Every structure is written in structure tokens, then in C-alpha cells.
A.B. asks: 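Here's a structure for you.
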Amino acid sequence: MASFLGLGQSFPENPHHNHSIPSLSKCQLHHRRLNIVAAMSSPKITGRNLRVAVVGGGPAGGAAAETLAKGGIETFLIERKLDNVKPCGGAIPLCMVGEFDLPLDIIDRRVTKMKLISPSNIAVDIGGNLKPHEFVGMVRREVLDAHFRDRAAASGATIVNGLFVKMEHPQAKHAPYVLHYNSYEGCKYSGEINKATRIEVDAVIGADGANSRVARSIGAGEFEYAIAFQERIMLPHDKMAYYEDLAEMYTGDDVSPDFYGWVFPKSDHVAVGTGTVTHKTDIKKLHRATRIRAHDKILGGKTIRVEAHPLPQHPRPRRVSGRVALVGDAAGYVTKCAGEGIYFAAKSGRMCAEAIVEGSENGKRMVEEGDMRRYVARWDRTYWPTFKVLDVLDRVFYGSNSTREALVELCRDEYVQKMTLESYLYKKVALGNPLEELKITLYLQMNEVFCSVSLPLDGLDPILANERDWPKFKNLLLSIPLLILHKISSTAHRAGHSLKLEQFFNRKCTAWRPPKGTFVKKPILVPLRIASATADYNIIKYMELRNGYKMAATSASSLSIGSISYASKSRSLLQTKAYGVHFNSQNCLKNFNGLKAGASLNSESFLGKESTAALRQSFARKAKNQDQTSPNMLQVQASFKVAVLGAAGGIGQPLALLVKMSPLVSDLHLYDIANVKGVAADLSHCNTPSRVLDFTGQDELANCLKDVDVVVIPAGVPRKPGMTRDDLFNINASIVKTLVEAVADNCPDAFIHIISNPVNSTVPIAAEVLKQKGVYNPKKLFGVTTLDVVRANTFVAQNKNLKLIDVDVPVIGGHAGITILPLLSKTKPSVTFTDEEVQDLTVRIQNAGTEVVEAKAGAGSATLSMAYAAARFVESSLRALDGDSDVYECSFVQSELTELPFFASRIKIGKQGVEAVISSDLQGLTEYEEKALEALKPELKASIEKGVAFATKQTVTA
């Protein structure tokens with residue numbers, strides 16, 4: 001279980017490492033278990049009952065609060081929006097109606113018919129074998145959630161209308177947890193805060209969704225998630241009649257590469273949506289494709305609401321810590337394949353609450369971590385098989401259009417429908433007929449093998465793409481009766497393909513390749529499917545046309561793996577991009593010096609010791625995986641394109657030089673409105689591998705950004721005499737807005753680094769522009785605050801006489817004045833500061849820019865140090881894109897660490913951008929840092945709102 005979906009619990013003191021447990025005899029195990037139980041007896045509570053806070057008022061939180069209140073627990077249910085319309089598909093299984101005693105009037109539609117539609121628009125009707133009383137319920141979350149909360153309140157729970165902000169952990173074993181929240185009680189307007197409030201409780205249940213703040217507060221770890229996007233569409237009466245009791249599910253790469261699209265009926269409208277894990281930035285395009293597929297049936301409809309939400313793809317690494325437990329989406333209880341979460345949310349909330357009631361003896365005793373873990377153990381025992389089965393189905397059938405075609409054909413069988421509906425409606429892995437199961441297993445095996453069978457262009461000789469499949473393929477065919485073989489042959493013949501069975505048995509198939517240098521426009525793949533579990537096996541022909549490609553005509557070619565190429569002779573593979581820097585050993589970075597031809601690379605002065613070591617390790621790790629016995633050559637691929645917008649400026653020029661030194665950059669695009677041609681010519685003489693191209697003016701901006709991986713924006717103007725701060729803001733804000741619009745149009749998937757000041761406002765401007773363009777991905781938008789970290793590290797090292805390379809000081813907040821907050825208490829290595837030192841260092845870091853301006857006596861600002869810091873952030877991004885899994889930087893990003901929409905903090909960067917926001921830095925702050933954090937929030941909030949207002953105003957004016 002530990003290897004699947006994160007269901008195995010890690011040890012709380014080190015959640016990211018597996019611990020080996022010595023084997024014990026039955027006698028020893030029994031003896032130890034008795035000792036543990038005796039040691040964990042909890043004290044009785046006097047003068048009151050156990051107090052538990054449930055954060056989140058959805059099905060998980062409502063079910064938990066109701067069960068707690070009925071069990072004698074003093075219960076507080078904290079929900080930030082009691083009138084919120086939460087985005088959700090809204091399907092619930094029949095068993096949920098009975099288990100939770102749901103009144104039928106809160107169910108909008110009782111779906112008894114479903115259509116599963118293949119990529120080629122072949123539809124299969126599902127539901128014909130449902131019993132008269134069976135249905136799939138369709139609900140609106142605003143109705144269902146309110147029902148659960150009302151029941152909790154009727155059972156005695158206190159409903160708190162407020163936004164949970166943070167949680168203070170107990171300092172003693174049975175001390176209370178202190179929860180801070182912003183109360184909305186008595187507020188007239190949405191978002192208005194009445195007052196900051198706190199409550200003390202004995203235990204906490206986190207039911208606050210996929211972006212759970214409770215989960216972050218206990219270091220529960222991150223999970224991969226899908227984005228679900230849907231529209232609620234009001235249909236004309238004749239169109240709505242079609243969806244009276246019908247739901248539709250669409251499959252295909254056009255609607256989702258790894259999920260499905262849906263049309264679910266609600267009370268007076270339909271929900272049309274889709275989801276994806278791997279292509280989140282394309283979610284709107286995928287949704288448009290879903291609408292196109294359902295076009296005729298929703299024609300004339302009016303969109304009444306657009307909504308999106310994350311769907312966890314597996315449980316979190318840690319679901320219990322101390323007396324805090326996670327349930328529902330916060331714990332990651334959403335199934336793959338189906339994307340279902342409502343039932344599992346409510347069920348987990350109830351199971352967790354039952355464990356607390358049982359462990360506390362109806363609120364009379366203090367609960368312990370063991371009581372909370374008892375809920376997790378019961379959950380895993382009950383639902384692990386369901387999650388496992390759906391995970392397997394997801395991997396088998398959602399990989400390609402051809403496997404989706406097979407899935408739809410498989411669902412045509414009545415037995416498959418019966419088993420699927422029983423498992424869904426009653427939430428149990430149904431036991432089936434062994435003979436029918438054997439047929440399905442054979443179908444799946446044949447499906448796997450035939451996926452690798454293709455035909456050459458002349459349509460005559462069948463081949464296997466993978467020759468290792470041949471014995472398996474041959475043996476499997478031999479096990480099928482000749483009658484079925486004849487049926488396969490005749491079906492294929494009717495499909496227009498001459499498929500002679502003796503060809504499979506009399507000779508070994510070899511992979512056909514076009515002659516060298518020929519252009520193949522339509523390589524045709526014909527997956528052959530053994531379909532239908534009724535023994536009526538048929539071959540399904542599904543033509544999949546791919547883009548043309550050029551076969552390499554060289555005698556030697558390179559197979560790329562990350563940033564390393566493995567070269568071998570006498571192989572004809574797809575032609576790859578040529579690069580000019582070659583290395584003949586694994587220690588490739590030791591043999592390359594970006595500044596001169598030398599015997600060793602000393603890049604530590606630029607990247608720092610840790611970054612250089614990580615980069616070397618990244619290359620060496622990839623090289624180690626190659627076959628060292630055959631003649632080979634390692635080649636560092638400078639494979640990323642970087643664009644610097646504002647490259648002729650005071651920051652842009654030194655920044656471009658430093659980026660030019662990176663061995664990871666293949667192309668360096670320099671853009672400015674003037675004077676950039678000379679900068680590019682100058683840099684192009686440096687003997688480093690990247691190619692330098694210049695682009696001048698708005699007309700060349702699109703070409704500059706084409707296919708770029710990282711965009712860095714230092715463009716802007718310095719403040720001049722007579723210029724007000726508002727004048728400066730309006731000019732730089734307009735520049736950033738224009739450039740980001742071009743980025744959205746030409747390279748929306750690129751990492752975007754915003755340097756132009758004021759960063760506290762320009763990052764929100766960029767976000768609004770990207771939202772308006774429909775391509776906003778918060779994981780790929782960064783405000784570069786690295787200069788604050790660089791300064792903090794330097795000043796602390798000088799102050800404490802430390803080796804600079806060893807110092808790391810996280811800096812949070814924003815990137816101007818008092819919004820810059822260095823967390824000196826978190827300095828590594830650990831050092832102590834007097835109150836006076838903390839005050840002086842903090843002020844100096846905050847005002848370091850002024851220090852440079854005064855030193856330059858009006859001749860400029862902090863351009864060189866800014867360029868150095870920006871180059872460091874670029875290098876970190878490139879390392880992450882290259883697959884380095886250990887990249888951390890501070891940056892101003894969209895965040896939920898505080899109530900502010902954007903906040904600077906340490907983040908982990910991966911191939912898809914921000915992988916995690918490190919919340920632990922905000923825990924255990926000193927009193928000085930706590931006060932400084934609260935003091936910076938109003939100014940930072942005003943700057944963010946100013947940027948949003950500017951972007952909105954400009955759009956309205958346009």
C-alpha cells in the first residue's frame with residue numbers, strides 16, 4: 001500500500017523517507033501492542049467536553065460536524081462562504097442517498113441513462129440493466145453542502161462564518177490547538193472582514209478542499225492534481241428534455257488527453273466540462289472541444305456560470321499529524337478514471353468523526369494521534385481496492401485514442417455494464433463471474449499486444465513495433481480456437497486489410513522502415529482490438545494519422561535523454577537538433593568553460609557551489625544510466641530558448657551576458673525598442689554555445705518570443721527628475737502589460753520572470769493580462785525577488801563572519817520597502833542575533849536599493865546586482881526544466897500562505913513551474929517577524945490591488 005497512491009502513512013518525524021521495521025514474531029508483536037495501548041491511555045476532561053474544529057463546510061466537513069455533535073463533542077464548523085456556489089460535476093452514487101439519509105428533493109436529476117462516446121463519436125448506451133429503483137443522483141453543491149451544514153447545526157454544532165488563516169500547534173502534549181480566522185459574521189458585503197478571531201480546540205479536522213490550509217500547516221505534502229473546468233448552460237426546454245434523465249461522457253485527445261468530457265443534467269441547466277492533469281494550460285481549449293462535440297444538443301443554450309476547481313489524483317503523503325486529520329479533497333480522496341469525490345468526502349468525514357467519538361468516549365477523554373490514525377487505517381482497508389482498480393483502469397484505457405475506442409467497445413457488453421454500475425452505485429468492488437472475467441482478461445491482453453501491431457504503407461505485411469512482443473503475441477494467438485482466428489481474419493478483410501494468419505506463424509516479423517531520407521507524411525497505425533466479452537471477437541479498426549516526420553539519413557544519430565545524448569552508429573532514427581559542444585566523459589562540466597577554452601569549469605562564482613554541484617550531478621546522473629560498454633559519446637544539449645525583453649537596458653545587458661554563459665541555453669533572444677543590435681553582436685562573440693539573435697521594435701516581438709521556454713522582463717524606465725511615482729508606475733505598468741500580451745499570444749507555456757518594478761504590482765498586472773487571454777497558469781508566473789535573498793545572504797555573512805556560500809536567508813512578503821521581510825530567525829546555518837542586529841539588518845535589506853542609488857550619486861540604480869540575481873533565478877528555472885528535482889528559490893507568486901493573493905516565499909520549482917510553496921518558513925516566527933508580517937500586509941495588498949485595477953481599467957478602456 002505504501003507504493004500506491006500515497007495510501008501508506010510515513011513516519012511523522014520524517015514523512016519523506018521509508019523506515020525499515022525489523023520482523024517480529026507473533027508473540028513479540030502481541031506483547032508490543034499491549035504495551036503501546038497501555039502507554040497511550042488519554043486523560044479524562046473535566047468541566048467540559050472535548051472540543052473539535054472542522055475547517056471546511058462541504059460534504060466532508062458537514063458530515064464530520066454532524067457526527068461529532070451527535071457524539072457529544074463540542075463542535076465548531078468553520079466555512080468561509082456559506083452562500084458559495086462550489087464548482088463540481090455533482091454526481092453521487094445511490095448508496096449515498098441511503099447511508100446519509102438524503103431527502104430526494106435535494107437531488108436535481110435521477111440519471112438512469114448514460115452515453116459513453118468514443119473519440120470517433122461511436123456512442124454506447126449504458127444503464128439498460130438498472131433496476132427500477134436505481135439511479136445516479138445529480139446535485140448542485142450549493143444545495144447539498146447547505147443541507148449537510150444545516151443537519152450539523154441541528155445536531156448541536158456551532159457554524160462559524162469565517163476564513164481560516166492559520167493554526168498554532170500545541171507546545172505541550174495535551175495543550176490546545178489555536179485556530180485563527182477572519183470572521184464574516186455581520187458583514188454586509190462579500191469579502192468584508194468583521195474581525196480577526198481565534199478559538200482553542202483539542203483536535204482539528206481539515207476538510208478545506210484540495211488547496212487545504214490545514215494540510216499545509218501540518219506539512220501534509222503535495223499531490224498531483226487535475227483541473228476540472230465546466231460551464232453551467234441554460235438550455236431551451238426542448239433541448240433540456242433530451243437530458244431529462246441522461247448524462248453524456250466524451251472521450252478523446254480533443255476533449256482531454258487523460259480524462260473525459262461530460263454533459264451532466266442539473267435542475268434547469270446542464271453542466272458541460274472536462275478535466276486534465278497533464279495539459280492544465282490547455283483546459284479552455286479542451287473545454288471548447290467538448291462543447292463542439294456536444295454542439296447540436298446544447299445549441300441555443302445560454303452560459304449562466306463558468307467555474308473551475310482542482311481534483312487531487314492521490315491521497316497526500318501524510319493525512320494525520322498529532323490531533324489533526326485530513327478528510328475529503330484535503331486528504332486527496334478523489335478517484336482516478338471517474339474523478340468522483342463527493343461520496344468519499346462525506347464518508348471520510350463521518351469515519352474520522354466516528355474515530356474521535358469512539359476514542360474520546362463521547363467527548364469525555366482527550367484524543368490522541370492513535371485515535372486519528374485509526375480512521376486512516378479503516379479508510380484504507382475499506383476503500384483501497386476501489387482506488388486501486390480505478391487507478392489501473394485509468395492507466396490502461398486513458399493513454400491514447402485507440403485505448404479509449406477499446407474502452408467504449410468493451411462497455412457495450414452487458415456484463416461489463418452490470419459490474420461497473422454495481423461498483424459505482426454501491427461503492428464496492430463487485431465479485432464477478434469467473435468465466436466472464438477470463439474473457440475480459442483475454443480481451444485486455446490482446447488489446448495490449450495489438451496496440452503495437454501496425455501495417456506498412458503498402459498494407460500487406462503485418463509488423464510488430466516491438467519485436468519482444470512476438471513470442472507473447474504468437475503464444476496468445478495459439479491459445480485461441482481456430483474459429484476465433486477465422487473471425488479475426490474475416491473481420492480484418494472486411495475492414496479492407498489483407499491479413500494472412502500464416503504470416504504470423506511461418507516467419508518472424510521485422511520492423512519495416514522507409515528508405516533513408518524519405519518523407520513519410522502519413523505513417524498509419526492500425527491498432528487491432530479483440531473486442532466484446534461475449535466471445536464475438538472483432539477487430540476494431542481505428543486509423544490514427546500522425547504528423548509527418550523526416551527520417552535521418554546519417555550514419556550515426558543521437559538518442560536524446562534530458563540534457564545528455566547517447567550516440568551510436570548504424571541506426572536510423574528521427575533527426576535531432578545539432579549542437580556544437582561535445583564532451584567525452586561523464587565529468588562533462590569539468591571539460592567546458594563558458595568563458596574560455598580551458599581544462600576545467602569554475603562556475604561557482606556565478607552559480608554558487610551548491611548550484612554547480614547540482615548541475616554536475618544532474619548530468620552525471622543521466623550519463624550513468626547509459627550503456628557504458630558500447631562506444632558512445634556524451635553531448636550536453638544546450639536545449640532551452642531564453643528571451644530577455646529590455647535587453648539594451650542597464651539590467652538587460654549584464655543579464656544577457658550572464659545568461660549567455662549558461663550551458664543549458666541554446667538560443668538567446670534579445671529584444672528592445674532600440675540599440676539592441678549592437679548588444680547582440682557584442683555577445684555573439686563570446687565563445688559559449690548559445691546562439692544570439694536580436695529583435696527590435698513591436699513588429700519583431702512575436703518572432704522573438706516564438707517557441708521560447710523562459711521569458712525574462714527587465715524592461716522599464718528609471719525614475720527621472722520631476723517624475724512622480726504614479727507617472728513611473730503608469731509607464732512601467734503599460735510596458736509590462738504590452739509585453740505580457742505578446743507572451744500570451746506567442747509562448748503561453750513559457751516561464752515568465754517579471755523584474756520590472758514595482759514587482760508587487762507588475763506581477764498582478766501580468767496575471768490579469770494572462771487571465772484575459774485565457775492562458776493564465778499561476779505556476780509559471782514569477783516575480784523575481786532573488787535580489788532580496790542575495791542581499792540578505794551577503795549582509796548576514798558579513799555581519800556574522802560566515803562563509804558566504806553556506807548562508808541562506810529566506811525572504812518573504814513583497815519586493816519593495818517594508819514589504820521585504822528577511823526571516824533572520826530561519827537563517828542557515830543557525831545563528832543568533834540581538835534585537836538591535838535584527839532591526840539594523842532588516843532595515844538595511846529593505847533599503848539596499850537606496851544605498852546603491854546614493855553611492856552612484858544619481859548615475860544609476862542597482863543594475864548589476866539585479867542582473868546577477870535575475871541570472872541566478874533563470875539558471876534555477878532552466879535546471880528545473882531540465883529535470884532537476886531539487887530546485888528551491890524565493891519568488892513573488894500566486895499563493896495561499898496568507899489572505900493575500902500574491903506573496904513572496906520559498907518555492908520548489910519543477911518542469912511545470914511552481915511545484916510547492918514552502919509553508920514551514922512561516923511557522924515559528926519571532927515576535928518581531930510576526931509584527932513585521934502583519935505590518936507589511938496592508939501596503940502589499942494596496943500594491944496588488946493597484947496592479948489589478950490598472951489591468952482592468954486598461955482592458956475596459958480598450
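Here the structure is a predicted model, which is why all the values come from computation and not from measurement. We use all heavy atoms of the structure for the numbers below, so side chains are in, but hydrogens, waters and symmetry mates are not.
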A.B. asks: Checking salt bridge (charged side-chain N to carboxylate O under 4.0 Å, His left out) for the pair E889/K908: CA distance, chi angles, key distance, verdict?
C.D. replies: CA-CA 7 Å; E889 288 284 359; K908 182 179 181 182; over 6 Å; no
A.B. asks: Between S891 and V893, is there a donor-acceptor pair closer than 3.5 Å when you use the side chain of the first and the backbone of the second?
C.D. replies: no
A.B. asks: Under the rule for side chain to side chain donor-acceptor pair (under 3.5 Å), what residues qualify as partners of K931, not counting sequence neighbours?
C.D. replies: E927
A.B. asks: Please examine the side chains of S865 and L787, heavy atoms only from C-beta on, and report whether any two atoms are closer than 4.5 Å.
C.D. replies: yes
A.B. asks: Just by distance, do the side chain of S756 and the backbone of I713 share a donor-acceptor pair under 3.5 Å?
C.D. replies: yes
A.B. asks: Quick check: do M366 and S360 have side-chain heavy atoms less than 4.5 Å from each other?
C.D. replies: no
A.B. asks: Can you check whether N760 reaches E939 side chain to side chain, under 4.5 Å on heavy atoms?
C.D. replies: no
A.B. asks: Would the distance check show the side chain of R316 and the main-chain N or O of G221 forming a donor-acceptor pair, the cut-off being under 3.5 Å?
C.D. replies: yes
A.B. asks: Mind checking side chain to side chain donor-acceptor pair (under 3.5 Å) for Q846 and listing every partner two or more places apart, or none if nothing turns up?
C.D. replies: none
A.B. asks: Counting only heavy atoms not in K941 (residues, nucleotides, ligands), do more than 12 fall under 6.0 Å from its NZ?
C.D. replies: no
A.B. asks: Do the side chains of V178 and I199 get nearer than 4.5 Å, heavy atoms only?
C.D. replies: no
A.B. asks: State whether the number of non-hydrogen atoms from other residues, nucleotides or ligands found under 6.0 Å of K771 atom NZ is greater than 12.
C.D. replies: yes
A.B. asks: If the condition is side-chain contact (heavy atoms from CB on, under 4.5 Å), which residues does L864 pass it with, not counting sequence neighbours?
C.D. replies: P654
A.B. asks: With sequence neighbours left out, what residues match A175 under side-chain contact (heavy atoms from CB on, under 4.5 Å)?
C.D. replies: P170, A172
A.B. asks: May I ask you to test the L936-F903 pair for a side-chain heavy-atom distance under 4.5 Å?
C.D. replies: yes
A.B. asks: Measure from the side-chain N and O atoms of T827 to the backbone N and O of L824, and report whether any donor-acceptor pair falls under 3.5 Å.
C.D. replies: yes
A.B. asks: Taking all heavy atoms of A325 and all of V320, pick out the closest pair and write down the distance.
C.D. replies: CB-CG2, 4.1 Å
A.B. asks: Can D202 and R48 be counted as an ion pair, charged N to O under 4.0 angstrom?
C.D. replies: yes
A.B. asks: State plainly whether the residues K937 and E899 are in salt-bridge range, i.e. N to O under 4.0 Å.
C.D. replies: yes
A.B. asks: Quick check on K828: does its NZ atom have over 12 non-hydrogen neighbours (other residues, nucleotides or ligands) under 6.0 Å away?
C.D. replies: no
A.B. asks: Look at the side chain of S761 and the backbone N and O of V759, then say whether any donor-acceptor pair between them is shorter than 3.5 Å.
C.D. replies: no
A.B. asks: Between S825 and E929, is there a side-chain donor-acceptor contact under 3.5 Å, judged purely by atom types and distance?
C.D. replies: yes
A.B. asks: For G219 versus R318, what's the shortest heavy-atom pair and its separation?
C.D. replies: O-CD, 4.2 Å
A.B. asks: Between G910 and F751, which heavy-atom pair has the shortest distance, and what is it?
C.D. replies: O-CZ, 3.5 Å
A.B. asks: Once ring-ring contact (aromatic ring centres under 6.0 Å, His included) is applied, do any residues pair with F873, and if so which ones, sequence neighbours excluded?
C.D. replies: H753, F782
A.B. asks: So, using side chain to side chain donor-acceptor pair (under 3.5 Å) as the criterion, who are the partners of E896 when residues are at least two apart?
C.D. replies: none
A.B. asks: Do Y888 and I909 make a side-chain contact, defined as non-hydrogen atoms from C-beta onward lying under 4.5 Å apart?
C.D. replies: no
A.B. asks: Would you call E369-R373 a salt bridge at under 4.0 Å N-O?
C.D. replies: yes
A.B. asks: So, using ring-ring contact (aromatic ring centres under 6.0 Å, His included) as the criterion, who are the partners of F76 when residues are at least two apart?
C.D. replies: none
A.B. asks: Give a yes-or-no answer on whether the side chains of Q894 and Y776 include a donor-acceptor pair shorter than 3.5 Å.
C.D. replies: yes
A.B. asks: Please walk me through it: do L925 and L823 pass side chain to side chain contact (heavy atoms under 4.5 Å, CB included)?
C.D. replies: CA-CA 8 Å; L925 299 182; L823 299 180; 3.9 Å; yes
A.B. asks: Do E168 and Q923 have side chains that approach each other closer than 4.5 Å (heavy atoms only, starting at C-beta)?
C.D. replies: no
A.B. asks: Does any donor atom in the side chain of Y928 or Q839 lie under 3.5 Å from an acceptor atom in the other side chain?
C.D. replies: yes
A.B. asks: Using residues 912-921 as the side-chain source, report each donor-acceptor pair under 3.5 Å to any protein atom, sequence neighbours left out, with the distance given to one decimal.
C.D. replies:
| unit_1 | atom_1 | unit_2 | atom_2 | d |
| --- | --- | --- | --- | --- |
| S919 | OG | R216 | O | 3.1 |
| D921 | OD1 | R906 | NH2 | 3.2 |
| D921 | OD2 | R906 | NE | 2.8 |

A.B. asks: Check E837 with K800, please: is the shortest side-chain N to carboxylate O separation under 4.0 Å?
C.D. replies: yes
A.B. asks: Quick test of your reading of the model: are K166 and E930 salt-bridged, counting only N-O distances below 4.0 Å?
C.D. replies: yes
A.B. asks: Give a yes or no answer on whether the side chain of N732 reaches the backbone of G716 with a donor-acceptor pair at less than 3.5 Å.
C.D. replies: no
A.B. asks: Take V811 and T785 through the side chain to side chain contact (heavy atoms under 4.5 Å, CB included) test and state the conclusion after the steps.
C.D. replies: CA-CA 8 Å; V811 182; T785 62; over 6 Å; no
A.B. asks: Listed by chain and number, what are the ring-ring contact (aromatic ring centres under 6.0 Å, His included) partners of H180, not counting sequence neighbours?
C.D. replies: none
A.B. asks: Report yes if the side chains of L655 and I755 come closer than 4.5 Å at any heavy-atom pair, otherwise no.
C.D. replies: yes
A.B. asks: Indicate every side-chain donor-acceptor pair of residues 205-212 with a distance under 3.5 Å to a residue at least two apart or in another chain.
C.D. replies:
| unit_1 | atom_1 | unit_2 | atom_2 | d |
| --- | --- | --- | --- | --- |
| D208 | OD1 | S212 | OG | 2.6 |
| D208 | OD2 | S212 | OG | 3.3 |
| D208 | OD2 | R213 | N | 2.9 |
| D208 | OD2 | V214 | N | 3.2 |
| S212 | OG | V214 | N | 3.3 |
| S212 | OG | A215 | N | 2.9 |

A.B. asks: Can a cation-pi geometry be assigned to K737 and F950, taking NZ or CZ under 6.0 Å from the six-membered ring centre and within 45° of the ring axis?
C.D. replies: no
A.B. asks: Output, in order, the C-alpha distance, side-chain angles, deciding distance and verdict of side chain to side chain contact (heavy atoms under 4.5 Å, CB included) for E875 and L664.
C.D. replies: CA-CA 8 Å; E875 192 70 26; L664 292 173; 3.9 Å; yes
A.B. asks: Taking only residues two or more places apart in sequence, or in another chain, which ones meet A203 in a side-chain contact (heavy atoms from CB on, under 4.5 Å)?
C.D. replies: V52, R323, V367, M372
A.B. asks: Test: ring pair (Phe, Tyr, Trp, His ring centres under 6.0 Å). Region: residues 824-845. Which pairs qualify, not counting sequence neighbours?
C.D. replies: none
